[in-house]
Amino acid sequence: MPPVSARDHIQGPETTPVTLVEYGDFECPHCGAAYVIVKKIQEVMGDQLRFVFRHFPLTQIHPHAESAAEAAEAAGAQRKFWPMHDLLFENQPTLDPWHLVGFAEALGLDTERFAREVEEGRHRERVREDFMSGVRSGVNGTPAFFINGVRHDGPWDLMPLLEALESASIAHSER
């Protein structure tokens, strides 16, 4: 997995003992369930966790996934990636272009700029870069999690994922 860098979307301090990277798809129902779990884990772990989201739109089965990822990037260009990330997961059944512009409006974005960037595919390359980094890292479905750079192949329900993160934190502190 490529190391976390300034190009990534990151929540949490750089100095945390644990980094959780998710390769996700905004239209994937499993990612929608994982979104709720990650939010709970962030509450529990607080500043002991750094969370990174990378795009992995499964366009063969989720027709709106790529445009939703591009919409998140267009919002990110206006410093609203995380609010758009949350809105997309909280409104998975409505990821069509009309609703995406409505989400941008709700976030107070410059909607003309947002719509133009999505329509022109201005952020498509950024989404593809994330996707290809996932492919090179062995991601073949979503959600896919990496803990401190190591793929987490265990269950991602709340308790198993939280236990894996806490184990990584303990292992980090013992170094």
Side-chain angles (χ1 to χ4, degrees), residues 1-59 61-62 65-66 68-73 75-76 79-93 95 103 107 123 126-175:
M1 183 194 81
V4 174
S5 70
R7 75 173 291 285
D8 282 304
H9 298 290
I10 303 167
Q11 290 181 320
E14 190 175 332
T15 57
T16 65
V18 184
T19 298
L20 176 65
V21 175
E22 176 185 357
Y23 282 91
D25 172 326
F26 289 111
E27 199 171 4
C28 167
H30 300 292
C31 292
Y35 163 76
V36 175
I37 291 165
V38 169
K39 284 286 189 197
K40 287 180 183 171
I41 286 172
Q42 287 178 299
E43 285 177 28
V44 171
M45 293 189 72
D47 64 3
Q48 296 301 301
L49 176 71
R50 181 167 66 154
F51 176 62
V52 176
F53 185 85
R54 292 179 178 166
H55 303 287
F56 202 81
L58 300 172
T59 56
I61 55 175
H62 299 135
E66 190 163 23
E70 291 178 33
E73 289 301 320
R79 301 189 181 276
K80 296 280 184 159
F81 174 83
W82 289 109
M84 181 62 84
H85 166 276
D86 293 356
L87 271 177
L88 294 171
F89 276 126
E90 291 165 9
N91 295 279
Q92 282 188 314
L95 299 180
F103 299 153
L107 293 175
H123 304 283
R126 167 71 166 80
V127 171
R128 288 197 177 138
E129 287 171 9
D130 274 6
F131 184 86
M132 291 311 299
S133 80
V135 169
R136 286 189 295 277
S137 301
V139 174
N140 54 11
T142 58
F145 291 105
F146 290 80
I147 299 172
N148 289 348
V150 177
R151 184 164 174 160
H152 172 73
D153 287 320
W156 47 264
D157 294 316
L158 179 61
M159 289 315 296
L161 187 55
L162 187 56
E163 288 168 6
L165 291 164
E166 288 172 346
S167 292
S169 179
I170 291 166
H172 180 270
S173 66
E174 290 175 349
R175 285 189 212 158

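Residue numbers count from 1 along this sequence.
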Testing the basics here: between [X] and [Y], what is the closest heavy-atom pair and its distance to 0.1 Å?
X    : Y   : value
L88  : A72 : CD1-CB, 4.0 Å
Y23  : H55 : CD2-O, 4.2 Å
A65  : E27 : N-OE1, 3.1 Å
L107 : P83 : CD2-CB, 3.6 Å
Q92  : C28 : NE2-O, 2.8 Å
V127 : P57 : CG1-CG, 3.8 Å

Hey, can you pull the donor-acceptor pairs under 3.5 Å for the side chains in residues 135-146, sequence neighbours left out?
| residue | atom | partner | partner atom | Å |
| --- | --- | --- | --- | --- |
| S137 | OG | S133 | O | 2.7 |

State which residue, out of W82, W156, F89, fulfils the ring pair (Phe, Tyr, Trp, His ring centres under 6.0 Å) condition with Y35. F89
To the nearest 0.5 Å, tell me how far [X] [atom1] sits from [Y] [atom2].
X    : Y    : atom1 : atom2 : answer
D86  : F103 : CG    : CZ    : 12.0 Å
T19  : E14  : OG1   : CD    : 9.0 Å
N148 : S167 : CG    : OG    : 11.5 Å
T15  : D47  : OG1   : CG    : 7.5 Å

Is any side-chain heavy atom of [X] less than 4.5 Å from a side-chain heavy atom of [Y]?
X    : Y    : value
F26  : F53  : yes
M84  : E73  : no
T16  : P13  : yes
P155 : E163 : no

State which residues pass side chain to side chain contact (heavy atoms under 4.5 Å, CB included) with L165; sequence neighbours excluded, sorted by chain then number. V18, L20, I41, M45, L49, I147, L161
Strictly distance-based, threshold 3.5 Å: is any side-chain N or O of D157 a donor or acceptor partner for the main-chain N or O of M159? no
Qualifying residues under side chain to side chain donor-acceptor pair (under 3.5 Å), relative to D130, sequence neighbours excluded: R7, R126
Taking the ring centre of each residue, are H9 and F51 less than 6.0 Å apart? no
Take H152 and V21 through the test side-chain contact (heavy atoms from CB on, under 4.5 Å) and record every step on the way to the result. CA-CA 10 Å; H152 172 73; V21 175; over 6 Å; no
More than 12 heavy atoms from other groups under 6.0 Å of NZ on K39: yes
